[in-house]
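Okay, structure first, notes after.
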Amino acid sequence: MNQPDKRMKPENNQELMQRDLAVLWHPCTQMKDHESYPLIPIKNGNGVWLHDFDGNRYIDAISSWWVNIFGHANPTINAALSEQASQLEHVIFAGFSHEPGIRLAERLVAMTPDKLNRVFYGDNGSSAVEIALKMSFHYWKNQGKPKKTQFVNLVNSYHGETFGALAVGDVALYKETYEPLLMTCRTVESPDCFYREEQESWEQYSLRKLDSMRCELEKHHETIAAVVIEPLIQCAGNMRMYHPVYLRQLRKLCDEFDVHLIADEIAVGFGRTGTMFGCEQAEISPDFLCVGKGLTAGYLPLSAVLTTQSVYDAFYDDYETLRAFLHSHSYTGNPLACGVALATLDMFESENTIVENQTTAKFMGEAFAHLNDHPHVAEVRQTGMVLAAEMVSDKKNRIPYPWQERRGLKVYQHGLKNECLLRPIGNVVYLMPPYVIDREQINHLAKIATEGIELATR
Ligand code: PMP
């Protein structure tokens, strides 16, 4: 057997790519693609920039799968991480606790909508969704309503890749293969404003789409535990967006029909939508709020589910009643991740991030507005710090290009040749950058994205 090369003295992209492809299997990747498209090993990061081993650099326009907030290798967060590492790297979180975990929970409770005052940690977004689903079902069971076993989701929603999270999602590309293994869900129409009539406002359309939800809840509320939703943006579902009025009305419906509302803010939380949390724009408090990704500014895997006192109370009893929530992950509440999350929240305050982002978001909108006139761009849409341009074969009728043509890949490749990491989802070119991005970098992304779209739609 060949001995692995322990030197780890990488000379260049090519050498590292070969070693990688000999032993690794990457996420969300048809590995055969790498026969044609290079894999890019990254040596280091700095602010919005990623540097490879051949001396090329790339603006991380997608925040490395929507996690990065304050740039790569941020000195303030680095210092917090190293300080925490010198104190405590990890400790079992059952029967034991630690200060960063406690302080973070206190701050999350203080900064999220009113009724959320209990925090349960997970270690990635999908597990946060699993936790919320299990808690909701288990709450009803503890309340003597064991028939409430079903979940309602939206067309084109996404909540992660583990079985429960996949089951409450609706993106066929990820879900279809595993369908026989998944629990069934009640899927209702999405308020996604891409499909609104020409003269219809976002608000009117999103409101109109509530009918399908109302109908489902009216008919089946006795067997429904919760509605699961991504507030304001269906990110993995092509960055489709909707009006906050939908959330506001949905909260009322959930109350009316005694059904939980699970807000999955794993992708949109921590400022992506323009407010700290998307739910704020609808002035609602969900029964469960799932957060992850930006919680640690893109440093470490950590997620949290916030819930209400009344949910917590339904589990609080003598041990022998077996009403406890026994879910656990080895790295629950990892202190390094909590320490980094605390530094992240400090930075939101010291940098006045939410307010500063208003200017950045406005600039992003202006820099990309010209694409609205492109004959093969159906629309440029934006919610806060997320902007998307959707390529179509027929603009008037909004007919998509067949997915097999992989037009987005052409934009991706053009980006890589020009210092940009743009990673379209299907035909949708989007920006979800670290908040430290500057005007020159946004202008560069706009220029390269426009050229890329031009090439891809020829
Ligand atoms: N929910 C939403 C809305 C997401 O966008 C994602 C990830 N893209 C997840 C859940 C899953 O998070 P993770 O990848 O950390 O498991």
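Ligands are counted one by one from 1 in listed order, and the atoms in each one are counted from 1 as well. The model shown is predicted, which means the values in this text are computed figures rather than measured ones. Just so you know, residue 1 is the first one in the sequence shown, and it goes up from there.
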Parallel, tilted or perpendicular: rings of [Y] and [X] (30°, 60°):
X    : Y    : answer
H51  : W49  : tilted
H327 : F120 : perpendicular
F270 : F277 : perpendicular
F93  : H98  : tilted
Y158 : Y174 : perpendicular

* Decide whether a cation-pi geometry holds between R186 and F151; the criteria are a distance under 6.0 Å from NZ or CZ to the six-membered ring centre and an angle within 45° of the ring axis. =>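 So R186 doesn't make the cation-pi contact.
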
* Structure fact -> Contact set, ligand 1, heavy-atom distance under 4.0 Å, ordered by chain/number, equals W66, N124, G125, S126, Y158, H159, G160, E230, D264, I266, A267, K293

